[in-house]
Amino acid sequence: MYEKWYFRALKGILWSLAGEIICFVFILCFFVPMQKFMLARIFAGLATLVLVNGLYFNFAYKCAQKDKNAVKFHSAERDPRAGLFMALTTPLGQYVLWIILLLSKIGAVPDFVGKYLLLNIQCLPWYDLFTANRTIEHLAPAGLAGLLLLTLISPAVIYITYELTYREIDVKAILMYGKNKDGTDRD
């Protein structure tokens with residue numbers, strides 16, 4: 001009763017595209033304050049990070065619930081690689097864009113910073129925190145590593161959300177109340 005792998009990958013990519021569109025609208029609304037105030041860039045960076053990864057969280061949560069119900073009620077076999085597969089395929093566009101940006105930095109392809117920021121709009125406020133120049137010469141190796149970190153947050157969110165939801169681990173109860181899944185104390 002699991003979804004076909006290509007169907008789930010396509011759904012994940014569509015969720016990624018939805019995140020890009022939402023962040024694009026958000027950035028358009030916040031563009032002028034971002035140009036004038038550092039605090040606005042920080043706020044926009046955090047907001048776009050929450051927007052995109054919140055959508056990824058929602059996607060992974062729904063898929064984990066669906067898979068858990070398929071195993072529980074329809075005697076399907078658990079696919080232990082489902083969370084990893086989703087984490088690798090959903091932000092596929094972000095991976096490809098970062099690799100092209102890396103190739104641009106080493107000189108293998110022309111300057112790609114402007115296209116990267118347009119196609120990966122949630123990174124724009126973070127990029128603008130450190131430089132206003134949108135050329136590859138002004139992107140430091142530390143900035144390139146920072147953009148990689150932003151890219152790698154997404155698969156981590158997807159994988160962790162999927163696994164915790166599938167295994168019915170209530171992180172809030174453990175952190176807030178010191179309770180395990182069955183309601184007993186951690187000690």
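This structure is a prediction, so every number in the text was calculated from the model and none was measured. Residue numbers count from 1 along this sequence.
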Trainee: Of Ile100, Thr151, Thr89, which is the lone residue that meets side chain to side chain contact (heavy atoms under 4.5 Å, CB included) with Tyr95?
Mentor: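 It is Thr151; the other options fail the test.
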
Trainee: Rounded to the nearest 0.5 Å, what's the gap from OH on Tyr162 to CZ on Phe59? Could you check?
Mentor: 10.0 Å

Trainee: Name the residue from Arg78, Lys72, Arg8 that meets the side chain to side chain contact (heavy atoms under 4.5 Å, CB included) definition with Asp67.
Mentor: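 Of all the options given, the one that passes is Arg8.
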
Trainee: Applying a strict under-4.5 Å side-chain criterion to I, L, V, M, F, W and Y, I'd like to know whether Phe7 and Trp5 cluster together.
Mentor: yes

Trainee: Side chains of Leu101 and Leu144: does their closest heavy-atom pair fall under 4.5 Å?
Mentor: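 Answer yes - side chains close enough.
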
Trainee: If you apply the rule side chain to side chain contact (heavy atoms under 4.5 Å, CB included), what do you find for Lys68 with Arg167, and how did you get there?
Mentor: CA-CA 8 Å; Lys68 185 174 59 170; Arg167 296 175 188 197; over 6 Å; no

Trainee: Is it the case that over 12 heavy atoms from other parts of the model lie below 6.0 angstrom from the NZ atom of Lys62?
Mentor: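 Counting other residues, nucleotides and ligands, NZ of Lys62 stays at 12 neighbours or fewer.
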
Trainee: To the closest 0.5 Å, what do you measure between CZ (Phe30) and CZ (Phe37)?
Mentor: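 Reported value, rounded in 0.5 Å steps: 10.5 Å.
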
Trainee: Establish whether Trp15 and Ile13 are linked, either directly or via other cluster members, by ILVMFWY side-chain heavy-atom contacts under 4.5 Å.
Mentor: no

Trainee: Linking I/L/V/M/F/W/Y whenever any side-chain heavy atoms sit under 4.5 Å apart, do Ile106 and Leu147 land together?
Mentor: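 Ile106 clusters together with Leu147.
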
Trainee: Rounded to the nearest 0.5 Å, how far does CD1 of Ile136 lie from OH of Tyr116?
Mentor: 10.5 Å

Trainee: Using the rule given for side chain to side chain contact (heavy atoms under 4.5 Å, CB included), can you reason through Ile121 versus Ile21, listing the C-alpha separation, both sets of side-chain angles and the distance that settles it, and then say yes or no?
Mentor: CA-CA 9 Å; Ile121 196 82; Ile21 292 169; over 6 Å; no

Trainee: Sub-3.5 Å donor-acceptor pair from the side chain of Trp98 to the main-chain atoms of Leu150, do we have one?
Mentor: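 No, because the side chain of Trp98 does not come within donor-acceptor range (under 3.5 Å) of the backbone of Leu150.
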
Trainee: Distance-only check: which donor-acceptor pairs under 3.5 Å involve side-chain atoms of residues 38-55, not counting sequence neighbours?
Mentor:
from, atom 1, to, atom 2, distance (Å)
Arg41, NE, Met34, O, 2.6
Arg41, NH2, Met34, O, 3.3
Thr48, OG1, Ala44, O, 3.0
Thr48, OG1, Gly45, O, 3.0
Thr48, OG1, Gln122, O, 3.2
Asn53, OD1, Ser154, OG, 3.2
Asn53, ND2, Leu49, O, 3.0

Trainee: Please report the interatomic distance CD(Gln94) to CG(Leu119), rounded to the nearest 0.5 Å.
Mentor: 11.5 Å

Trainee: With salt bridge (Lys or Arg N to Asp or Glu O under 4.0 Å) as the rule and sequence neighbours excluded, what pairs involving residues 104-131 come up?
Mentor: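 Qualifying pairs: Asp128-Arg134.
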
Trainee: With a 4.5 Å heavy-atom cut-off, do Tyr159 and Met86 have their side chains touching?
Mentor: no

Trainee: Keeping Asp79 on the side-chain end and Arg81 on the backbone end, is there a donor-acceptor pair under 3.5 Å?
Mentor: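 Side chain of Asp79 to backbone of Arg81, a donor-acceptor pair under 3.5 Å: yes, one is there.
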
Trainee: I would like to know whether Leu139 and Tyr127 meet side chain to side chain contact (heavy atoms under 4.5 Å, CB included); could you show each step before the answer?
Mentor: CA-CA 9 Å; Leu139 179 62; Tyr127 186 88; 3.6 Å; yes

Trainee: Do you know which two heavy atoms are closest between Phe85 and Ala9, and how far apart they sit?
Mentor: CZ-CB, 3.9 Å

Trainee: Pair Ile169, Leu164 - check side chain to side chain contact (heavy atoms under 4.5 Å, CB included), show working.
Mentor: CA-CA 5 Å; Ile169 298 173; Leu164 291 177; 3.8 Å; yes

Trainee: For the CZ atom on Phe112, are there more than 12 heavy atoms of other groups (residues, nucleotides or ligands in this structure) within a distance under 6.0 Å?
Mentor: yes

Trainee: Once rounded to the nearest 0.5 Å, what's the spacing between atom CG of Leu129 and atom SG of Cys123?
Mentor: 11.5 Å

Trainee: Are Val96 and Leu124 grouped together when hydrophobic residues (ILVMFWY) are joined by side-chain heavy atoms under 4.5 angstrom apart?
Mentor: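 Linked within one cluster.
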
Trainee: With a cut-off of 6.0 Å (strictly less than), are more than 12 heavy atoms of other residues, nucleotides or ligands near CZ of Phe24?
Mentor: no

Trainee: Under 4.5 Å between side-chain heavy atoms, hopping through other hydrophobics if needed: is there a path connecting Leu84 to Val71?
Mentor: no

Trainee: Go through the side-chain N and O atoms of Tyr56 and Ser16 and say whether any donor and acceptor fall under 3.5 Å apart.
Mentor: yes

Trainee: Atom CG in Leu117, atom CD1 in Ile27: separation rounded to 0.5 Å?
Mentor: 10.0 Å

